[in-house]
Asker: 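My questions will all concern the structure given below.
Convention: sequence-line order gives letters A, B, ...; per-chain numbering from 1. Below, each value reflects all heavy atoms present in this structure, side chains not excepted, and no hydrogens, waters or symmetry copies.
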2 protein chains.
Amino acid sequence: MPMDHPPSRTPARVKDRPTWLISRTFARSSGLLAAGFESYGRGLRSYHYRLLAALDEWGPASQADLGRGTGIDRSDVTAALSELESLRLVERSVDPEHRRRNIVTITPAGVEQLLELDNVIDGIQEQVLKPLTHAQRRQFIALMVKLLAAEDESSKG
Amino acid sequence: MPMDHPPSRTPARVKDRPTWLISRTFARSSGLLAAGFESYGRGLRSYHYRLLAALDEWGPASQADLGRGTGIDRSDVTAALSELESLRLVERSVDPEHRRRNIVTITPAGVEQLLELDNVIDGIQEQVLKPLTHAQRRQFIALMVKLLAAEDESSKG
DNA sequence: AGCAAACGTTGGTCACACCAACAATTGGTA
DNA sequence: TACCAATTGTTGGTGTGACCAACGTTTGCT
């Protein structure tokens with residue numbers, strides 16, 4: 001048997017690379033989020049949460065605007081809204097001024113669910129960042145913001 | 001039309017959260033990796049690369065050990081190795097001492113492909129981290145390492 | 001009036017991650 | 001030695017997030 005000692009978890013060439021570290025950090029983060037959604041989210045997932053958040057913050061909106069505003073693909077907006085509607089967390093009606101469009105509105109139950117999810121998700125931020133000091137947390141966040149701001153600049157260019 | 005101004009890309013409650021920032025950072029990182037693999041990788045993806053890296057570093061190994069060593073599920077190890085084998089980047093033979101097992105070996109062509117991919121992936125580290133100074137890069141990496149090391153501790157606990 | 005664009009819906013794919021079931025082989029124990 | 005549980009590799013499946021194509025209907029512009 002050629003492998004006569006247990007290998008390290010990750011080949012050395014892979015494990016120190018930033019792209020790998022980012023992916024493992026994301027895996028941990030999304031794993032905790034998925035667990036949180038599963039425990040408290042009544043089958044809701046990230047897409048649902050983002051759409052509820054958008055509706056609460058921006059007010060009634062068309063599906064196309066929701067898609068553009070959240071970055072979620074149109075077909076996924078449709079699918080997630082159908083699920084939210086069946087849970088009575090949103091309502092959809094045809095826009096009388098533009099009959100091609102639906103106007104989507106969050107319901108009071110939707111607002112309530114959003115606040116619950118906020119709490120869950122806030123707790124998960126704590127969990128994800130637990131190993132870091134408060135200063136390190138601010139640092140980590142600032143670095144990611146910088147990474148992403150540069151991308152925003154280049155995509156607007 | 002209720003939304004009479006273009007909303008920001010992301011609802012405010014979402015956009016400053018570490019889990020969101022991590023996911024966008026990952027999306028950017030994996031997008032660049034996917035583009036790199038597509039341009040230079042002959043249809044190979046992350047799983048393939050990780051398996052080639054493991055074989056090059058650890059030497060011939062059983063599939064089960066490869067799966068344990070890289071964290072890739074058994075069925076995905078099988079699928080990826082089948083693809084690598086069909087490209088003649090690895091060879092598989094039955095272990096004569098343990099006829100339930102295959103021994104997987106990287107081929108010279110596999111080593112060559114791995115080195116090419118190394119170059120591509122190294123370039124992508126540069127791209128991903130481009131907005132940060134060198135000191136910030138070291139910082140970012142150290143923070144992620146700390147986050148992940150704590151997880152390693154808790155999963156060994 | 002005609003045509004292109006927009007909208008929402010339906011259907012599809014991909015990558016990564018994970019799980020279930022099965023047949024064959026091996027190792028350990030009674 | 002026989003039996004049974006564990007291991008191995010294969011085949012098949014699901015979920016999430018992300019993305020794309022095609023279609024019929026409605027709207028806006030020339």
Asker: Name the residue closer to the 5' end of DNA chain C, choosing between A/R24 and A/Q63 according to the nucleotide with the nearest heavy atom.
Answerer: A/Q63
Asker: Who passes ring pair (Phe, Tyr, Trp, His ring centres under 6.0 Å) against A/F140, sequence neighbours left out?
Answerer: B/F140
Asker: Judged by each residue's nearest nucleotide on DNA chain D, which is more toward the 5′ side, B/R92 or A/Y47?
Answerer: B/R92
Asker: Listing request: all ring-ring contact (aromatic ring centres under 6.0 Å, His included) pairs with a residue in residues 78-118 of chain A, at least two apart in sequence or in separate chains.
Answerer: none
Asker: Taking side-chain contact (heavy atoms from CB on, under 4.5 Å) as the test, write out the residues that go with B/E116, two or more places apart.
Answerer: B/Q113
Asker: What parts of residues 73-85 of chain A reach DNA chain D, counting only heavy atoms under 4.0 Å away?
Answerer: A/D73, A/R74, A/S75, A/D76
Asker: What are the two closest heavy atoms between A/T70 and A/A54, and how far apart are they?
Answerer: CG2-CB, 3.8 Å
Asker: Which residues pass the side-chain contact (heavy atoms from CB on, under 4.5 Å) test with A/R99, sequence neighbours left out?
Answerer: A/V94
Asker: Charged N to carboxylate O under 4.0 angstrom, B/D95 versus B/R100?
Answerer: no
Asker: Would you grab the first and last nucleotide of DNA chain C (5' to 3') that comes under 4.0 Å of any non-hydrogen atom in chain A?
Answerer: C/dA5 to C/dA17
Asker: Test: salt bridge (charged side-chain N to carboxylate O under 4.0 Å, His left out). Region: residues 34-54 of chain A. Which pairs qualify, not counting sequence neighbours?
Answerer: A/R45-A/E83
Asker: Would you kindly give the NE2-to-P distance between A/H48 and D/dT16, to the nearest whole Å?
Answerer: 9 Å
Asker: Once ring-ring contact (aromatic ring centres under 6.0 Å, His included) is applied, what residue pairs with a partner in residues 62-94 of chain A remain, sequence neighbours excluded?
Answerer: none
Asker: By the ring-ring contact (aromatic ring centres under 6.0 Å, His included) test, which pairs, at least two apart or in different chains, include something from residues 105-129 of chain B?
Answerer: none
Asker: Rounded to whole angstrom units, what separation is found between the CZ atom of A/R50 and the P atom of D/dG17?
Answerer: 8 Å
Asker: With B/D56, which residues qualify under side-chain contact (heavy atoms from CB on, under 4.5 Å), at least two apart?
Answerer: A/R13, B/I106, B/V111, B/L114
Asker: Taking N and O atoms by type only, does the side chain of B/R101 place a donor or acceptor under 3.5 Å from a partner on the base of D/dT8?
Answerer: no
Asker: CG of A/L51 versus P of D/dA18: gap in Å, rounded?
Answerer: 11 Å
Asker: List the residues meeting ring pair (Phe, Tyr, Trp, His ring centres under 6.0 Å) with B/F26, not counting sequence neighbours, and say none if there are none.
Answerer: A/F26
Asker: By a strict heavy-atom criterion of less than 4.0 Å, which residues belonging to residues 116-127 of chain A are in contact with DNA chain C?
Answerer: none
Asker: Between A/H98 and A/S23, name the one whose nearest nucleotide on DNA chain C is closer to the 5' end.
Answerer: A/H98
